[in-house]
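All values below come from the heavy atoms of this structure, side chains included, with hydrogens, waters and symmetry mates left out. For reference, positions follow the sequence shown, starting with 1.
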Amino acid sequence: MNDHETMTVEVETTNETRHLVEYATPDLRRTLEALPSGTTIPVTLSRAGARSNVWRVDALHNDPAIRTANPVAPTPN
């Protein structure tokens with residue numbers, strides 16, 4: 001996570017790059033910030049902008065059985 005609380009991640013299934021700029025809760029943001037680079041975790045995302053590749057993290061799914069969300073991994077710095 002950078003100084004502007006933005007993360008660049010890769011969608012595991014499609015290799016798309018997405019920019020996470022909003023978080024449903026401060027706890028959710030702190031949890032993502034604490035993850036080591038290269039971590040893969042399923043999340044639920046929604047668009048944060050109409051024209052840009054910016055996304056809001058709505059939820060984390062810590063249960064490994066949940067794989068239908070958008071699994072993302074932070075890209076290397």
Side-chain angles (χ1 to χ4, degrees):
M1 186 170 295
N2 67 20
D3 294 340
H4 303 286
E5 299 183 350
T6 298
M7 295 181 81
T8 301
V9 298
E10 183 177 292
V11 178
E12 184 179 58
T13 55
T14 62
N15 297 325
E16 295 171 73
T17 300
R18 295 191 177 170
H19 306 286
L20 310 182
V21 299
E22 293 180 12
Y23 309 90
T25 67
D27 284 340
L28 180 59
R29 185 197 57 76
R30 284 190 293 274
T31 299
L32 287 171
E33 182 177 28
L35 293 174
S37 183
T39 300
T40 300
I41 185 167
V43 297
T44 299
L45 301 176
S46 58
R47 282 210 168 271
R51 298 180 65 197
S52 298
N53 184 23
V54 294
W55 297 82
R56 178 181 194 266
V57 182
D58 296 315
L60 291 180
H61 305 285
N62 295 321
D63 181 351
I66 301 173
R67 302 307 293 183
T68 58
N70 297 303
V72 297
T75 58
N77 294 339

Qualifying residues under side-chain hydrogen bond (donor to acceptor under 3.5 Å, both in side chains), relative to [X], sequence neighbours excluded:
X: S46; result: D58
X: S52; result: none
X: N2; result: none
X: E16; result: T14, R18

Requested in this report: Could you note down all residue pairs passing salt bridge (charged side-chain N to carboxylate O under 4.0 Å, His left out) where residues 32-53 supplies at least one of them, sequence neighbours left out?
Outcome: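 Residue pairs with at least one partner in residues 32-53: R29-E33.
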Requested in this report: Give the cluster check for M1 versus V43: same hydrophobic cluster or not, with ILVMFWY residues linked at side-chain heavy-atom distances below 4.5 Å.
Outcome: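 The answer is yes; both residues are in one hydrophobic cluster.
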Query raised in the report: Is V57 reachable from V54 through a run of I, L, V, M, F, W or Y residues, each pair having side-chain heavy atoms under 4.5 Å apart?
Result: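 V54 and V57: separate clusters.
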**Report entry** Contacts of type side chain to side chain contact (heavy atoms under 4.5 Å, CB included), residue N15, not counting sequence neighbours
**Finding:**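 Partners of N15 by the side chain to side chain contact (heavy atoms under 4.5 Å, CB included) criterion, ordered by chain and then number, come out as E10.
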Atom pair [atom1]/[atom2] of [X] and [Y] - distance to nearest 0.5 Å:
X: W55; Y: L20; atom1: CH2; atom2: CG; value: 10.0 Å
X: T8; Y: H19; atom1: OG1; atom2: NE2; value: 5.0 Å
X: L60; Y: L35; atom1: CG; atom2: CG; value: 7.5 Å

Requested in this report: Measure across R56 and A48 and return the closest heavy-atom pair with its distance rounded to 0.1 Å.
Outcome: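 Scanning both residues, the minimum pair turns out to be N-CB, 3.9 Å.
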Query - Minimum heavy-atom distance between H61 and I41, given as atom pair plus value - result: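 Looking at all heavy atoms of both residues, the shortest contact is O-CG1, 4.0 Å.
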Query raised in the report: So, does Y23 use its side chain to make a donor-acceptor pair with the main chain of E5 at under 3.5 Å?
Result: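 Yes, because the side chain of Y23 sits within donor-acceptor range (under 3.5 Å) of the backbone of E5.
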